[in-house]
Participant: 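Take this structure, written in structure tokens, and hold onto it; I'll ask about it next.
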Amino acid sequence: MAHEMIGTQIVTERLVALLESGTEKVLLIDSRPFVEYNTSHILEAININCSKLMKRRLQQDKVLITELIQHSAKHKVDIDCSQKVVVYDQSSQDVASLSSDCFLTVLLGKLEKSFSSVHLLAGGFAEFSRCFPGLCEGKSTLVPTCISQPCLPVANIGPTRILPNLYLGCQRDVLNKVGALKISFVARFIVSSWRNGACPLAVIANTLAHREKVHRPQCDSSV
């Protein structure tokens with residue numbers, strides 16, 4: 001490996017022992033894309049999104065890693081530079097297997113400049129969630145694993161609210177819930193519309209915007 005060795009690995013059992021003992025402060029960082037983090041992640045983990053933009057900002061020192069942690073956390077975090085930091089992705093086994101230019105390598109390097117003890121979780125989230133599913137949280141029971149395939153079979157839990165007045169569901173949901181939820185307008189979208197390259201959210205937004213324009217009451221200019 002061409003890049004300088006950064007961080008050390010920590011195994012799942014050791015991390016769980018640290019979390020359960022409470023004798024040391026542990027800062028958990030999830031470096032996966034937000035969609036994966038939102039689906040399921042280790043309890044109390046903070047997501048630092050692995051985007052190209054964030055990688056570039058870190059490389060150019062346009063954002064401090066401590067500021068990024070505070071900004072990404074759901075609540076204020078007491079940052080102690082002497083505390084242990086454990087970072088994980090989906091399944092990386094050790095630092096030596098990482099590319100020198102990948103986001104995780106950049107993130108580990110920046111963390112080591114601010115914290116004295118930085119570790120990579122061996123096996124990543126895949127290994128941790130397999131061994132300790134009870135220490136994970138998220139929406140994995142409510143959404144399909146891959147949201148890019150909206151027709152994958154999932155448990156029938158009824159329509160899902162994606163905006164305050166916008167629900168996403170199937171034909172069965174319409175028949176069962178349209179009255180209970182006081183839904184006044186149902187838009188039917190064909191899967192082929194986004195298989196042909198159209199963005200599903202754009203299709204929905206355009207349809208709703210057109211309906212609003214059609215049904216908007218006209219002002220009487222004579223008044």
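All values derive from a computational prediction rather than experimental measurement. Hydrogens, waters and symmetry mates are skipped; everything else that's a heavy atom, side chains included, is used.
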Participant: Starting from Leu120, can I reach Val11 by hopping between I/L/V/M/F/W/Y residues whose side chains sit under 4.5 Å apart?
Facilitator: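 No, it is not one cluster - the side chains of Val11 and Leu120 are not joined through contacts under 4.5 Å.
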Participant: I want to check something: taking the side chain as every heavy atom from C-beta on, are Phe125 and Asp89 in contact at a cut-off of under 4.5 Å?
Facilitator: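 When only atoms from C-beta onward are counted, Asp89 and Phe125 do not touch, as no gap falls below 4.5 Å.
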Participant: Examine Leu43 and Phe132 and state if one hydrophobic cluster contains both, with Ile, Leu, Val, Met, Phe, Trp and Tyr joined whenever side-chain heavy atoms are less than 4.5 Å apart.
Facilitator: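 Yes; tracing contacts between hydrophobic side chains, which count when under 4.5 Å, links both residues.
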Participant: Should Phe115 and Ile69 count as side-chain neighbours, where that means a heavy-atom distance under 4.5 Å?
Facilitator: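 Contact flag for Phe115/Ile69 side chains = yes.
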Participant: Can you find a pair of side-chain heavy atoms, one from Glu112 and one from Val85, that are under 4.5 Å apart?
Facilitator: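 A side-chain contact is absent here, since even the closest heavy-atom pair is not under 4.5 Å.
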Participant: So, Ser114 side chain and Leu111 main chain: donor-acceptor pair closer than 3.5 Å or not?
Facilitator: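 No, the answer is negative, given that no donor and acceptor are paired below the 3.5 Å cut-off.
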Participant: Please tabulate, for the side chains in residues 16-28, all donor-acceptor contacts under 3.5 angstrom to protein atoms that are two or more places apart in sequence or on a different chain.
Facilitator:
{"from": "Ser21", "atom 1": "OG", "to": "Ala17", "atom 2": "O", "distance (Å)": "3.2"}
{"from": "Ser21", "atom 1": "OG", "to": "Leu18", "atom 2": "O", "distance (Å)": "3.1"}
{"from": "Ser21", "atom 1": "OG", "to": "Thr23", "atom 2": "N", "distance (Å)": "3.4"}
{"from": "Ser21", "atom 1": "OG", "to": "Thr23", "atom 2": "OG1", "distance (Å)": "3.1"}
{"from": "Lys25", "atom 1": "NZ", "to": "Asp78", "atom 2": "O", "distance (Å)": "3.4"}

Participant: So Leu121 and Ile42, side-chain contact (heavy atoms from CB on, under 4.5 Å) or not? Walk me through it.
Facilitator: CA-CA 11 Å; Leu121 179 60; Ile42 300 174; 4.0 Å; yes
Participant: Give the cluster check for Val86 versus Val95: same hydrophobic cluster or not, with ILVMFWY residues linked at side-chain heavy-atom distances below 4.5 Å.
Facilitator: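 Result: no, two separate clusters.
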Participant: Is a side-chain donor or acceptor of Gln70 paired with a backbone partner of Val77 at a separation under 3.5 angstrom?
Facilitator: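 Checking the backbone N and O of Val77 against the side chain of Gln70, a donor-acceptor pair under 3.5 Å is found.
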Participant: Would you mind reporting whether Asn47 and Glu36 have side-chain heavy atoms less than 4.5 Å apart?
Facilitator: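 Of all side-chain heavy-atom pairs linking Asn47 with Glu36, none is under 4.5 Å.
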Participant: Is Val118 reachable from Tyr88 through a run of I, L, V, M, F, W or Y residues, each pair having side-chain heavy atoms under 4.5 Å apart?
Facilitator: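 Different hydrophobic clusters.
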Participant: Do Thr105 and Leu108 come within less than 4.5 Å of each other through their side chains, counting heavy atoms only?
Facilitator: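 Not touching, per the 4.5 Å side-chain cut-off.
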Participant: Quick one: are Met54 and Asn49 in side-chain contact, heavy atoms under 4.5 Å?
Facilitator: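 Sidechains of Asn49 and Met54: no contact.
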Participant: Just by modelled atom types, is the Gly123 backbone N or O under 3.5 Å from a matching donor or acceptor in the Ser91 side chain?
Facilitator: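 No; judged by distance alone, with no hydrogens or angles, the pair does not exist.
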Participant: Contact between Ile65 and Leu107 at the side-chain level, heavy atoms closer than 4.5 Å - yes or no?
Facilitator: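 Yes; the side chains approach each other to less than 4.5 Å.
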Participant: Give the C-alpha distance, both sets of side-chain angles, the deciding distance and a yes or no for side-chain contact (heavy atoms from CB on, under 4.5 Å) between Val63 and Leu58.
Facilitator: CA-CA 6 Å; Val63 59; Leu58 283 172; 4.0 Å; yes
Participant: Run the side-chain contact (heavy atoms from CB on, under 4.5 Å) test on Asp101 and Gln59 for me, step by step, so that the C-alpha distance in whole Å, both residues' side-chain angles and the decisive distance to 0.1 Å come before the verdict.
Facilitator: CA-CA 10 Å; Asp101 193 46; Gln59 289 175 317; 3.6 Å; yes
Participant: Taking the side chain as everything from C-beta on, heavy atoms only, tell me whether His41 gets closer than 4.5 Å to Arg32.
Facilitator: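 Counting from C-beta outward, His41 and Arg32 do come under 4.5 Å.
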Participant: What do the steps show when you test Ile48 against Phe103 for side-chain contact (heavy atoms from CB on, under 4.5 Å), and what is the final call?
Facilitator: CA-CA 10 Å; Ile48 295 184; Phe103 176 79; 3.9 Å; yes
